[in-house]
Amino acid sequence: MEYDFRKIEAGWQEKWKGSNAYAVQHDFTKPKYYVLDMFPYPSGAGLHVGHPLGYIASDIFSRYKRLKGFNVLHPMGFDSFGLPAEQYALETGQHPATTTQKNIATFKAQLDKIGFCYDWNREIQTSDPAYYKWTQWIFLQLFNSYFDKKENKAKPISELISSFETAGNGTAFSATEWKQYTEANKQAILMNHRLAYCGIGEVNWCEVLGTVLANDEVVNGMSERGGHPVVKKKLRQWYLRITDYADRLLEGLDTVAFSDAMKEMQSNWIGKSSGAEISFQVQDTSDMLTVYTTRPDTIFGVDFMVIAPELDLVNSIKSVEQAAAVDAYVDYVKSRSERERMSEKKISGCFTGAYALNPFNGRAIPIWISEYVLAGYGTGAIMAVPCGDERDFKFAQYFNIPISNIIGSHFTGEAANATKDAILENSGFIDGIPMREAAEVVINKLTEMGIGIRKVNYKMRDAAFSRQRYWGEPFPITWKEGVAYPLDESSLPLVLPHVDSYSPGPDGQGPLANIPEWVARELETNTMPGYAGSSWYFLRYMDPHNSETFCDRKISDYWNQVDLYIGGTEHAVGHLLYSRMWTKVLFDLGLIGFDEPFKKLLNQGMIQGSSRFVYRLKEDSNQFVSAGSKDQYDTVAIHVDVNMVDALELDMEAFKKWKPEFATAVFITEADGKYICGAEVEKMSKSKFNTVNPDELCNKYGADTFRMYEMFLGPVEQSKPWDTKGIEGVHRFLRKLWRLFFDEQKGAVWNQDKPNDAANKILHRTIKKIEDDTERFSFNTAVSSFMISVNELTDINCHSREILEQLLILLTPYAPHIAEELWLQLGNTTSVLDATFPVYQANYLVESSKEYPISINGKLRSSILLPLDMDTASVESLVLQNEVVQKWLEGKPPKKIIYVKGKMVNVVI
RNA sequence: GCCCAGAUGGCGGAAUUGGUAGACGCAGCAGACUCAAAAUCUGCCGUUCGCAAGGAUGUGCAGGUUCGAUUCCUGUUCUGGGCACCA
């Protein structure tokens, strides 16, 4: 009987489906475990081998926890709103809903082939009205809430209104004044408090295309489609007040098991700093220039000011002489994306002709504009201290601005020194004070003078929450006379209407602005961004069909936090921060019982593509030269489909058949007649012809082989290029495992023999290793220890059912199909999915002696077998008697002997 | 530019707490079985000197700490991810 994996896998997938083997019950008496993957965006390209890496890891862990007796929730769904579907609709006229459904069907078929244990009854799709009804509902909760800074939590906005009605807001208006305000006025004030609010933001605007572009669609300041100029345009936008949660998002990091790198990325993104906001009088005007600085102690070292070119202040302070230069520079900056501005190495800027006055000595400080100062951070203006800040120093040098020194010998004039350890010089009233103490003194003085305050600042900005797009959740908002009103909850979902054209609406509005009925109802024409649906989807899986509420509180109390969340680091600061914020809001409003969504986060690495190239001669487009001699010609590298290249050797016949233009290709080969391709690691993408389809591998080798091979590639967290070579080895392993049970000629070879000590030792060592490795997500080493144990059981000719049965349970999470089949063949009547994970027994692994490595001066020279319980003196004397040691000692006594019990011996001479 | 991560044989990787570098697998080489092939099995397999025994050298690069460093520290190079409208 042979290992017919195709029959076995198809058969079991069918049976498991039929028996609802993966249906999850709300058995509140069982301990729960929630394993979640970041759900995919169902792109038209289908699944490639990079997607399943994390899914396989989570599937293994889910199945492992199930064997360990947990009630495991392991759902899957689709993040099905998004730009590519809309783009595709623009190009082909097909409705995004249609193409999205088609793509989802493909994804599901592909996922099912790999044998995942999803409970598809719980599938969610963010573009399904039954789902986004609740996305809209949560948006309304955000809209109807404000952040109470005293209590550091969200509350219903009605509470804020009643406090305005009874006590005003304390400073700006009284209760009486509030009551006299017009409705529009009241709403405008409330808008400043809502967690979801409207404001003005800048977008990438392309006049020619008449549309707003994503950063992705802008290349070098031009639109990707058509290459038209892109400028920034101010538009009304929705925002989420995530900055109010900055501190809690920071503190929450201490309560979750994310990698240190992940925590650091998030905390850098939030970018909390403390310092002061200082207002400088602009010379000969009544204007004040307010800067944010973390170093108020350096105020006497300020040699110039830099303000963001887009600030309105620029226009009011620029001098007549500088006006033309300033306007030209502002125009230049308008054409630059924020990314370009931040990564520009070339120094640029323009003097405004205006001066600010140092409040302590009245010194006139020139005010410049430069693209490296961004309007969105701090006050959009900085005080530049070239002796203490590298960028300021370079700027001063470049523009020949004289540099003052306030830190004495700490500043050489060659480079800035950001030290905080200097004693201040040339610093007026803080002369002679250590910098660390001076900050405090300066802030107090500024506060006294009424021109400065202590200020905590965050780099993080409020999250832009609207898109001028069609394929997203409509906002449940109507506009009446410029005031936004929420729709009644009972009218949800506000269904995305059908459109005939996906072209943008007038004045940068989205396609919804083209629908007369929509506009007539004064509905918001923006839609929500891609991350709206993904900010709370982990909750909906718990209670996916509830039509009364987004998720029943009793149910969310049971399933609680996601115990293990698996996904890529590319979501480090986007999705993860947004979903953490939403969770905190829902918690504050009492809708759920926990305020961090993900207890443990595992980041899977990205599987990159390994591209292959042929080199076409520039002078003759029909000739292709092998990589070995390409330098002798003038060539163009062309991507070729990796599936027709064996390692680096091109299948020349397949290449000729690949595209008609290559049918008569002529090859300049290596001396042995082979055509060798060039190789490069790049992102896996259809356009680079480096994608490998999991379906084909499942067909050829089976899902179990594919699963184990993906794990065997290396640590899940690590990024690596895909290479199909090597999958044979894993397949061979499964066949070898099969042969422990069945012989092709003889049939069953497994027996009821009592296992010997050697077999038990192999089994129990494997139990321990698989359990340890699985717990620490070291799936690659787990696969390797399966290989080792099968090799060893084969070597000792062990076919004992008692051993093999336990091994199958261990293998179930990794290779469920073959495990279930062999389990059945051994005569079991229940599914191996519900078996109990074996318990490791230490007594089989007790050793009494160890082969110790013997080093001389740290270099391995020999080894000696020693009893583990031997005392140090005896060990040392035995080691010294060893002839290799004696040879190295040359009769002299050793300087030192280091004996680490159970590890090694090192003789120092 | 800024933030984060990574680098070990021909290749993917192992070494879990500073203690035998290269487990396991791929590729390769030699052999067994076979009419032949496939499948399977056995042996070899970092580099280098040596007939061998054995030695030297070796974890991106340059230093340092230590009896001992792939592991810790400093600097540096390259590669990957993110940088707020791709998801």
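Since the model is a prediction, treat every value here as computed from it, not as a measurement. Quick note on labels: first sequence line is chain A, next is B, and so on, each numbered from 1.
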Atom-to-atom span, CG of A:Leu83 to C1' of B:rC86 - whole angstrom: 7 Å
Value in whole Å for how far the P atom of B:rA14 lies from CG of A:Asn780: 5 Å
B:rU17 OP1/OP2 closer than 4.0 Å to side-chain N/O of A:Arg776: no
Polar pair under 3.5 Å, donor/acceptor by atom type, side chain A:Glu217, base B:rC85: no
Closest to side chain of A:Met904, choosing from B:rG19, B:rG82, B:rU40: B:rG19
Spacing of A:Met606 atom CE relative to B:rU79 atom P, expressed in whole Å: 17 Å
Phosphate-side-chain proximity, A:Arg461 and B:rA84, N/O vs OP1/OP2 below 4.0 Å: no
Sugar-phosphate, base or nothing in reach of A:Val212, heavy atoms under 4.0 Å: base
Under-4.0 Å side-chain N/O to phosphate OP1/OP2 contact, A:Lys345 with B:rG1: yes
Sugar-phosphate only, base, or nothing, as touched by A:Ala261 at under 4.0 Å among non-hydrogen atoms: sugar-phosphate
Nearest-angstrom distance, P atom, B:rG63 to B:rU71: 15 Å
Between B:rC85 (P) and A:Ile200 (CD1): distance, integer Å: 16 Å
4.5 Å side-chain heavy-atom contact, A:Tyr41 and A:Phe81: no
Exercise: do A:Glu524 and A:Trp238 side chains pair donor with acceptor under 3.5 Å: yes
Presence of A:Arg735 side-chain N/O under 4.0 Å of B:rU40 phosphate oxygens OP1/OP2: yes
Separation of the P atoms in B:rA21 and B:rU59, to the nearest angstrom: 12 Å
Whole-Å distance separating the CD atom of A:Glu744 from the P atom of B:rC33: 21 Å
Separation between the P atoms of B:rC41 and B:rA27, rounded to whole Å: 13 Å
Below 4.0 Å: OP1/OP2 of B:rU20 and any side-chain N or O of A:Arg861: no
Euclidean distance, atom CG of residue A:Leu737 to atom P of B:rC24 [Å, nearest integer]: 18 Å
Polar side-chain contact A:Asn268-B:rC3 base: donor and acceptor under 3.5 Å: no
C1'-based separation of B:rA38 from B:rC24 [nearest Å]: 25 Å
Nucleotide of B:rA21, B:rA84, B:rU42 approaching A:Leu860 most closely (side-chain heavy atoms): B:rA21
Sugar-phosphate only, base, or nothing, as touched by A:Trp888 at under 4.0 Å among non-hydrogen atoms: sugar-phosphate
Residue A:Glu338, side-chain atoms from C-beta onward, closest of B:rA84, B:rC85, B:rC4: B:rA84
Validation row: A:Arg225, A:Leu213 side chains within 4.5 angstrom (heavy atoms): yes
Closest nucleotide among B:rC4, B:rU40, B:rC85 to the A:Asn215 side chain: B:rC85
For atom CG of A:Leu576 and atom P of B:rA87, their distance in whole Å: 16 Å
Among B:rC24, B:rA84, B:rA5, the nucleotide that comes nearest once only the side chain of A:Phe712 is considered: B:rC24
Short side-chain N/O contact to B:rG13 OP1/OP2 from A:Gln718, under 4.0 Å: yes
Short side-chain N/O contact to B:rA27 OP1/OP2 from A:Arg732, under 4.0 Å: yes
B:rG75: pairing nucleotide in any strand, Watson-Crick or G-U under 3.5 angstrom: B:rC61
B:rG1: pairing nucleotide in any strand, Watson-Crick or G-U under 3.5 angstrom: B:rC83
Pairing of A:Glu338 and A:Arg461 as salt bridge, 4.0 angstrom limit: yes
Touch class at under 4.0 angstrom, heavy-atom based, for A:Asp772 against every strand present: nothing
Min side-chain heavy-atom separation A:Val879-A:Tyr899 under 4.5 Å: no
Under-3.5 Å donor-acceptor pair between A:Lys769 side chain and B:rU16 base: yes
Nearest-nucleotide pick for A:Met265, side chain only, options being B:rG81, B:rA14, B:rA56: B:rG81
Separation of the C1' atoms in B:rC85 and B:rU79, to the nearest angstrom: 28 Å
Touch class at under 4.0 angstrom, heavy-atom based, for A:Asn906 against every strand present: base
Rounded P spacing from B:rC44 to B:rA23 in Å: 12 Å
Separation of the C1' atoms in B:rA37 and B:rG50, to the nearest angstrom: 41 Å
Phosphate OP1/OP2 of B:rC41: any A:Lys736 side-chain N/O under 4.0 Å: yes
Closest to the A:Ala464 side chain, choosing from B:rU40, B:rC85, B:rU57: B:rC85
Nucleotide B:rG1, atom P - distance to CG of A:Asp389 in whole Å: 16 Å
Candidates B:rU57, B:rC4, B:rC85 - which lies nearest the side chain of A:Glu264: B:rC4
Candidates B:rU16, B:rG55, B:rG19 - which lies nearest the side chain of A:Lys903: B:rG19
Donor + acceptor pair across side chains of A:Thr774, A:Tyr814 (<3.5 Å): yes
Test item: side-chain donor near acceptor, A:Thr691 and A:His48, under 3.5 Å: no
Options B:rA14, B:rC85, B:rC86, nucleotide nearest the side-chain atoms of A:Arg469: B:rC85
Row check, A:Phe258 ring normal vs A:Lys263 NZ/CZ: under 6.0 Å, within 45°: no
